[in-house]
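Input: a single structure, listed below in C-alpha cells.
Labels below follow one simple rule: chain letters A, B, ... track the order of the sequence lines, proteins then strands, and each chain is numbered from 1. If you're wondering where the values come from, they're calculated on a predicted model, not measured in any experiment.
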Protein chains: 2
Amino acid sequence: MTSLRDVAERARVAVSTASAALNGTRPVAAATRRRVERAAAELGYRPNLLARGLQSKRTRILALLFPAPRSGFGLTEMQFATGAAEAARERGYHLLLSPESADPLEELRHITGLGLVDGVLLMEVGLDDERPAVLAAAGVPFAMIGRTREPGGIDHVDIDFAATAEEAVAHVAGLGHRKLAFFNRAVDAHAAGYGPAVRAGREFERAAREAGLAYVGGYRPRSAEAGGKAFEELLGTHPDVTALAVMDDHAAAGVIAAVARLGRRIPEDLTLLLVLSSARVAGMFHPRLTTLEPPSAELGRIGARMLINRVQGGTKGETQGGPQRRLLPCRLVVGDSSAPPREGGRW
Amino acid sequence: MTSLRDVAERARVAVSTASAALNGTRPVAAATRRRVERAAAELGYRPNLLARGLQSKRTRILALLFPAPRSGFGLTEMQFATGAAEAARERGYHLLLSPESADPLEELRHITGLGLVDGVLLMEVGLDDERPAVLAAAGVPFAMIGRTREPGGIDHVDIDFAATAEEAVAHVAGLGHRKLAFFNRAVDAHAAGYGPAVRAGREFERAAREAGLAYVGGYRPRSAEAGGKAFEELLGTHPDVTALAVMDDHAAAGVIAAVARLGRRIPEDLTLLLVLSSARVAGMFHPRLTTLEPPSAELGRIGARMLINRVQGGTKGETQGGPQRRLLPCRLVVGDSSAPPREGGRW
DNA sequence: TTGTACGCGTTATCAT
DNA sequence: ATGATAACGCGTACAA
C-alpha cells in the first residue's frame with residue numbers, strides 16, 4: 001500500500017505539502033503541485049479512506065437499510081439499491097448494503113455507532129416508522145425513499161401517487177371507460193402502515209371521482225387464486241366494470257386466468273392495468289399488460305443525492321435550508337391490455 | 001462519539017487494558033474486565049471501525065462488484081446481493097455494493113486501492129473474465145459467484161448445471177416424454193462468454209442423451225416474439241416435440257402465447273419448463289410454470305462465507321489450504337405446466 | 001509557499 | 001496483570 005508519505009518522499013516535499021497539493025486545501029506552487037501529482041500517478045497512489053475518515057470524520061460511505069426480502073418484494077424494490085449505489089459513486093461515495101435484522105432499531109444504532117457511515121438511506125418506510133425518530137435523535141443525517149404519514153421536515157423522495165392515479169384514470173377514461181375497479185396490494189399483518197397501499201388506494205379513488213368515473217375499491221388479493229376470486233366477486237356486484245387496475249403481480253395473473261375461464265378476452269372485455277410493477281414483468285404476461293412502472297432506480301438515485309446534499313450541507317453550507325422533498329410519478333407504459341370498452345358490453 | 005478512552009477513564013484503567021478487556025486479546029483480571037465491560041455498556045461504547053481498520057489492516061468490509069443492470073437481469077441476480085449481505089452480517093462483516101462502471105478493471109483497482117475492503121466478491125463472472133487475474137495480481141482476496149472457464153484454484157460457488165439438467169431431464173422423462181427441446185438464453189454481443197448459457201446448453205444436451213431422450217437445441221430467443229417464432233420453427237422441423245425447457249422468461253411467455261394461438265394447451269400438448277427463474281416469476285404465468293429455480297440467495301451467502309474464510313485464513317491460519325468450490329443445483333418446483341405427453345399426439 | 005507537530009481511535013509492543 | 005507508548009495514514013493547525 002503506497003501512502004502519502006511515499007508520494008511526498010518521491011516528490012521531495014513534506015507530507016502536508018503533498019496532501020495540500022492533491023486536495024487543493026491550501027495554496028501550492030504550480031511546480032510543486034505538478035511534481036506531487038506526477039509522483040502520485042507514478043506510484044499509483046490512492047488515499048486511504050480509513051485514515052482520511054478517521055481524521056475528517058467523514059467517510060463518504062452511506063448505508064442503505066435493506067429490509068429482509070418479504071414476499072411481494074420484487075425487482076423494483078431492489079432497484080432502489082442499484083440506483084442509490086450508482087448515484088453515490090458518481091459523487092464519490094460508497095453504498096453499504098445493510099440488511100435489517102429482527103430488531104431494525106438496534107440495527108440502526110449499531111450501524112450508526114460504528115462511525116463508519118456518514119448517513120443513512122431508509123427504504124420501505126412505514127407510515128408510522130420509528131426509524132426516523134431514532135436517527136434524528138442520534139443526529140445522524142438520513143433520507144427516506146418513501147415517507148412516513150407526516151414526513152414533515154424530513155428529506156424524502158417517493159412516488160407521486162396522486163399524479164400516477166390521475167394518469168392511470170386519464171388513460172382509462174380516454175379510452176371511454178366509465179367504471180374503474182382497483183385491487184390494492186395485500187397488507188401484511190405487521191405492515192398495516194404500508195404507505196404505497198394506503199396512498200395508492202386513496203388517490204385512485206379520488207382521481208376516479210374527479211374524472212367522473214364510477215369506482216370500486218376494497219379488494220386486496222394477495223395471490224393468483226385470490227385475484228381470480230376477487231375478480232369474480234367484483235363481477236357479481238359490478239357487472240358493468242370494464243377497467244381494472246391491480247397493484248399485485250400475482251393477483252393480476254389470477255385476473256387474467258379468470259377472464260379466460262369466463263371465455264372473455266383482454267383487452268376486448270376488460271382493460272387491465274398493472275400498477276407498481278416493472279415493464280419487464282408486465283411483458284411476461286399475455287397479453288402484454290399496460291403498466292404504471294415506478295421509477296425505482298431514479299428514486300434510489302435521488303434519495304442518495306438528497307442524503308449526500310444533507311451530509312455535505314453540514315460542512316459546506318449547502319442545502320442547509322429546508323427539507324428536500326421530491327415526488328415522482330410512475331411511467332405509463334401502454335401494453336396490449338388497454339382498449340375501449342365494448343359497446344354495451346356486460347359480464 | 002464515546003471512545004475507548006472514555007471507557008478506560010470511567011473504569012480507571014489504561015486504554016490498552018480496556019482494549020484488551022473488550023477484545024480478549026491478552027489476559028485481564030476478571031474483576032478488571034467486568035469493570036471495563038460495565039463502563040462500556042453504560043457509555044454505550046461502540047468501537048470505531050475506521051480506527052480499528054487503520055491499525056489492524058482489516059476493515060471487515062467486503063465489496064460486491066455489481067454489474068450495471070442489463071436486460072435479462074432479474075430478481076434472482078439481485079438476490080446474490082441480499083444473500084451475501086446477510087451472510088456477511090452474520091459474521092460481523094459489512095457489504096459494500098460497488099456498481100461497475102464502463103471500465104470494470106479500473107473500478108476494481110479503485111475499490112481495492114482505497115484500503116477500504118478486505119476482499120471482493122465477483123458476480124456475473126464471464127468465461128474469460130479478466131477480473132480474477134487483476135485481483136490475484138493485486139493480492140486482494142476474492143471469490144466468485146459463477147466461474148471462469150477454468151476456475152482452477154479460485155474460490156467459487158456456482159450453479160450445478162449438470163445436476164440441474166439431470167433433474168430436469170429426469171422430471172420430463174419420468175412423465176413419459178421422449179423428446180426434449182431447449183431454448184437457451186440469448187447471449188449479448190459482449191457477453192459471448194456467459195457461463196450459465198454455455199454450461200446449461202451443454203449439460204441439457206448431455207443429460208438428455210444419457211437419459212435416452214431425443215434433444216433439440218440451438219435456439220436462443222431473446223424476447224416474447226422471438227420465443228413464439230422459435231417455437232413455431234421448432235414445430236416445423238420437430239413436430240414430435242412434447243417437452244420444452246426455456247431459459248428466458250420472456251421467451252417462455254412467447255411460447256405460451258404461440259401454443260394458445262395454435263389452439264393447443266399447456267400442459268396437455270406441451271410440457272414447459274422455465275429454467276433459471278424464480279418461482280415467484282413462474283407463478284405469474286398461466287398456467288403456473290414448472291421451474292428450475294436457482295438458489296440465488298444461497299449462492300450469495302456461500303460466496304460471502306467463502307470470501308470471509310479466505311480473508312481470515314490469511315491471519316488465523318484457517319482455510320489456508322486448497323481452494324473452496326461449491327456447486328448448488330437448482331430447485332425443481334413443479335407447477336401446472338408438467339404432464340405426460342398425449343398418446344401419439346403430434347403438432 | 002512550505003515544513004513540523006499533533007491528533008483522530010484503535011491495536012500492538014514493550015516495560016513494569 | 002497492567003500501564004505507557006508507538007504506530008496506522010491522513011488532515012490541519014501553527015511555525016518558519
Side-chain angles (χ1 to χ4, degrees), chain A residues 1-37 39-40 43-61 92 112-118 312 314-316, chain B residues 1-37 39-40 43-61 92 112-118 312 314-316:
Chain A
M1 264 288 280
T2 143
S3 83
L4 189 56
R5 185 178 166 176
D6 304 324
V7 176
E9 279 179 6
R10 184 172 242 266
R12 301 187 177 287
V13 292
V15 190
S16 64
T17 305
S19 171
L22 294 177
N23 298 321
T25 177
R26 82 182 186 193
V28 168
T32 313
R33 143 167 300 139
R34 286 239 298 276
R35 281 219 316 285
V36 172
E37 281 170 350
L43 269 51
Y45 168 73
R46 309 269 189 194
N48 183 311
L49 279 197
L50 298 182
R52 173 178 284 180
L54 186 58
Q55 160 68 24
S56 65
K57 297 291 185 191
R58 355 223 27 248
T59 60
R60 301 183 81 84
I61 300 178
T112 58
L114 263 20
L116 185 59
V117 303
D118 286 347
Q312 297 187 332
T315 49
K316 288 200 186 174
Chain B
M1 265 287 281
T2 144
S3 81
L4 190 57
R5 186 180 166 172
D6 304 324
V7 176
E9 278 179 8
R10 185 172 242 266
R12 304 186 176 284
V13 294
V15 193
S16 60
T17 306
S19 171
L22 295 177
N23 298 319
T25 177
R26 79 183 189 193
V28 168
T32 313
R33 142 168 301 138
R34 287 239 298 277
R35 280 216 319 284
V36 173
E37 282 169 349
L43 268 51
Y45 167 74
R46 308 268 189 194
N48 183 309
L49 279 198
L50 298 182
R52 173 177 284 180
L54 186 57
Q55 162 66 25
S56 65
K57 298 290 185 190
R58 354 227 19 254
T59 61
R60 301 184 81 85
I61 300 178
T112 57
L114 263 20
L116 184 59
V117 303
D118 287 348
Q312 297 186 333
T315 50
K316 288 201 183 172

For B/N48, what residues pass the side chain to side chain donor-acceptor pair (under 3.5 Å) criterion, not counting sequence neighbours?
-> none
Can you name the residues that form a side chain to side chain contact (heavy atoms under 4.5 Å, CB included) with A/A14, not counting sequence neighbours?
-> A/S16, A/T17
First and last nucleotide of DNA chain C touching chain A, 5' to 3', heavy-atom cut-off 4.0 Å?
-> C/dT1 to C/dG9
Minimum heavy-atom distance between B/A51 and A/L54, given as atom pair plus value = CB-CD1, 3.8 Å
Contact summary for A/A18 and A/L4, nearest pair of heavy atoms = CB-CD1, 3.8 Å
Kindly compute the distance separating CG (B/L50) from CZ (A/R58), expressed to the nearest 0.5 Å.
-> 12.5 Å
Sugar-phosphate or base contact per nucleotide [nucleotides 8-16 of chain D; S, B, -; heavy atom under 4.0 Å] = BBBBBB---
Distance in Å, A/L116 CG paired with B/L49 CG, rounded so as to fall on 0.5 Å steps | 5.0 Å
Can you give each donor-acceptor pair under 3.5 Å made by side-chain atoms of residues 20-35 of chain B, sequence neighbours left out, with the distance rounded to 0.1 Å?
unit_1, atom_1, unit_2, atom_2, d
B/N23, ND2, B/S19, O, 3.1
B/N23, ND2, B/S19, OG, 3.4
B/R35, NE, B/A11, O, 3.0
B/R35, NH2, B/A11, O, 3.0

Note the angle between the end axes of the helix from C/dT1-D/dA16 to C/dT16-D/dA1, five pairs defining each, rounded to 10 degrees.
-> 50°
Who are the salt bridge (Lys or Arg N to Asp or Glu O under 4.0 Å) partners of B/R46, not counting sequence neighbours?
-> A/E106
Sequence neighbours excluded, every pair satisfying salt bridge (charged side-chain N to carboxylate O under 4.0 Å, His left out) that has a member inside residues 10-23 of chain B = B/R10-B/E42
